[in-house]
Amino acid sequence: MLDQTEPSYLPEDPLEIAGNTYHSRLLTGTGKYRDLQETRDATAAAGAQIVTVAIRRTNIGQNPEEPSLLEVLPPDEFTILPNTAGCFTASDAIRTCQLARELLDGHKLVKLEVLGDKKTLFPDITATLEAAEALIKDGFDVMVYTNDDPIIARRLAEMGCVAVMPLAAPIGSGLGVQNRYNIMTIVEEATVPILVDAGVGTASDAAVAMELGCDGVLMNTAIAGAKHPVAMAYAMRLAIQAGRLAYQAGRIPRKRFASASSPIEGLIE
Amino acid sequence: MDLMVNGKPLQLDQPANIIDLLVQLELTKKSVAVEVNRTIIPRSLHPNHQLQPGDQIEIVHAIGGG
């Protein structure tokens with residue numbers, strides 16, 4: 001029987017965001033699940049420590065005994081990352097973050113996204129820059145959803161965002177990493193953690209993002225929309241670990257022609 | 001008094017503060033944030049903040065999102 005345990009030489013490899021360290025590099029969204037139990041199970045299978053939530057109006061007249069998301073994913077167990085999903089202006093995004101801070105008792109970490117249009121859900125970059133600046137000034141730790149432009153990524157980092165999160169493909173598209181050279185360029189120049197946010201469709205996409213050197217991946221639809229979300233969550237967890245290790249191990253260069261694995265010398269004649 | 005809560009009209013006996021409103025809506029056990037006329041009212045001030053007729057109130061919570 002082969003020894004299936006992990007090799008002992010694996011380095012400690014924590015992800016540091018805004019002064020906190022995490023051993024999981026997979027961040028998950030909490031939307032689109034069938035129910036809260038599935039949300040909880042998939043989050044556990046993913047091993048996620050940072051989970052995004054949306055801020056929305058409460059349903060007036062709802063059964064008060066109905067469990068809420070923060071009871072299933074309690075803030076003392078998970079780092080809650082409120083997002084500004086659905087915001088198309090800087091002022092709406094800022095207002096949402098301020099409500100989230102009040103809701104979560106002064107919590108400073110937020111995921112900023114200011115969307116430019118409903119068809120692509122691409123970020124509105126000028127509004128994103130404006131909102132990021134205001135939020136940082138107001139004391140927030142901003143993880144920012146952005147496009148794959150290395151110049152914008154650099155500017156957001158210089159401004160003081162605690163993580164820069166370029167898309168790999170449109171939100172919810174599942175197209176995989178469509179921009180690997182841009183992601184590579186962003187990663188090579190990074191001064192803050194770079195996380196792919198959006199576009200992953202399956203485990204190999206997550207592995208690709210990590211092999212490119214990303215510090216983590218944030219995903220929601222790829223897990224919640226899978227036929228078996230809990231199984232996909234675990235697949236993603238393994239892919240993130242595999243991709244990270246492969247990145248650290250250093251892949252071989254690509255060559256156009258073959259290179260024999262067995263020695264040429266000593267062939268029988 | 002007539003209020004607008006999350007975009008819908010609501011009648012409340014006055015005087016009422018934010019706690020009274022949350023009691024009426026059975027939201028006291030829930031984690032929520034409250035905005036009155038676009039100003040966030042911190043939780044510690046809920047008992048002291050008297051609502052006025054015509055106030056536009058937003059009550060938000062965290063739900064699943066990506």
Side-chain angles (χ1 to χ4, degrees), chain A residues 27-33 35-36 38-39 51-75 80-86 91 95-96 98-106 111 113 145 171-172 197-198 218-225, chain B:
Chain A
L27 289 67
T28 54
T30 57
K32 298 187 180 175
Y33 285 102
D35 52 33
L36 287 174
E38 190 180 72
T39 311
V51 294
T52 62
V53 303
I55 305 298
R56 292 289 181 273
R57 284 173 163 173
T58 53
N59 298 321
I60 305 296
Q62 189 193 0
N63 174 6
E65 302 308 318
E66 194 123 316
S68 62
L69 182 67
L70 293 182
E71 287 160 17
V72 177
L73 299 174
I80 306 296
L81 182 61
N83 70 25
T84 62
S91 61
R95 185 179 171 202
T96 301
Q98 289 169 339
L99 280 164
R101 179 168 61 187
E102 162 63 15
L103 179 68
L104 296 165
D105 302 313
K111 174 187 161 183
E113 53 181 293
Y145 164 68
I171 292 173
D197 177 5
L218 198 170
M219 65 178 79
N220 191 155
T221 306
I223 296 175
Chain B
M1 96 182 117
D2 291 315
L3 306 169
M4 285 295 277
V5 179
N6 288 357
K8 289 183 184 141
L10 183 91
Q11 279 210 326
L12 209 62
D13 296 335
Q14 55 184 348
N17 59 40
I18 292 178
I19 298 287
D20 299 327
L21 174 66
L22 294 177
V23 168
Q24 163 112 358
L25 298 174
E26 298 185 305
L27 288 172
T28 45
K29 284 188 204 155
K30 298 289 173 187
S31 199
V32 297
V34 179
E35 213 183 43
V36 179
N37 302 326
R38 291 214 154 218
T39 301
I40 293 170
I41 311 299
R43 201 164 294 144
S44 59
L45 299 181
H46 288 184
N48 304 328
H49 190 99
Q50 293 299 319
L51 296 170
Q52 305 299 325
D55 275 351
Q56 307 266 341
I57 299 158
E58 295 286 340
I59 306 175
V60 300
H61 65 160
I63 62 160

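All chains are named by letter (A, B, ...) in the order of the sequence lines, taking the proteins before the strands, and each is independently numbered beginning at 1.
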Examine whether an atom of [X] lies under 4.5 Å from a heavy atom of chain A, and if so say whether it belongs to the side chain, the backbone or both; otherwise answer neither.
{"X": "B/E58", "result": "side chain"}
{"X": "B/L10", "result": "neither"}
{"X": "B/I63", "result": "both"}

Quiz item: Between A/K111 and chain B, which part of the residue has a heavy atom less than 4.5 Å away: side chain, backbone, both or neither?
Solution: side chain

Practice problem: Go through the atoms of A/I60 and report whether side chain, backbone, both or neither lie under 4.5 Å from a heavy atom of chain B. | Solution: side chain

Quiz prompt | salt_bridge(B/K30, A/E71) N-O dist < 4.0 Å | solution = yes

Quiz item: Is the number of heavy atoms from other residues, nucleotides or ligands under 6.0 Å of B/N48 CG greater than 12?
Solution: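 It does: B/N48 CG has more than 12 such atoms within range.
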
Distance-minimising heavy-atom pair for [X] and [Y]:
{"X": "B/G64", "Y": "A/A54", "result": "O-CB, 4.0 Å"}
{"X": "B/N6", "Y": "A/T58", "result": "ND2-O, 3.1 Å"}
{"X": "A/E102", "Y": "B/R43", "result": "OE2-N, 2.8 Å"}
{"X": "A/R57", "Y": "B/G7", "result": "NH2-N, 3.6 Å"}

Exercise. May I ask you to name which of B/V32, B/I40, B/V34, B/T28 has the most heavy-atom pairs under 4.5 Å with chain A?
Key: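 Greatest number of close heavy-atom pairs with chain A: B/I40.
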
Exercise. Among the options A/L69, A/V53, A/L99, A/N83, pick out the one with the most heavy-atom pairs lying under 4.5 Å from chain B.
Key: A/L99

Exercise. For residues A/R95 and B/R38, determine if any side-chain heavy atom of one lies less than 4.5 Å from a side-chain heavy atom of the other.
Key: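 Side-chain contact under 4.5 Å: yes.
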
Quiz item: Does any non-hydrogen side-chain atom of B/H61 lie less than 4.5 Å from one of A/L70?
Solution: no

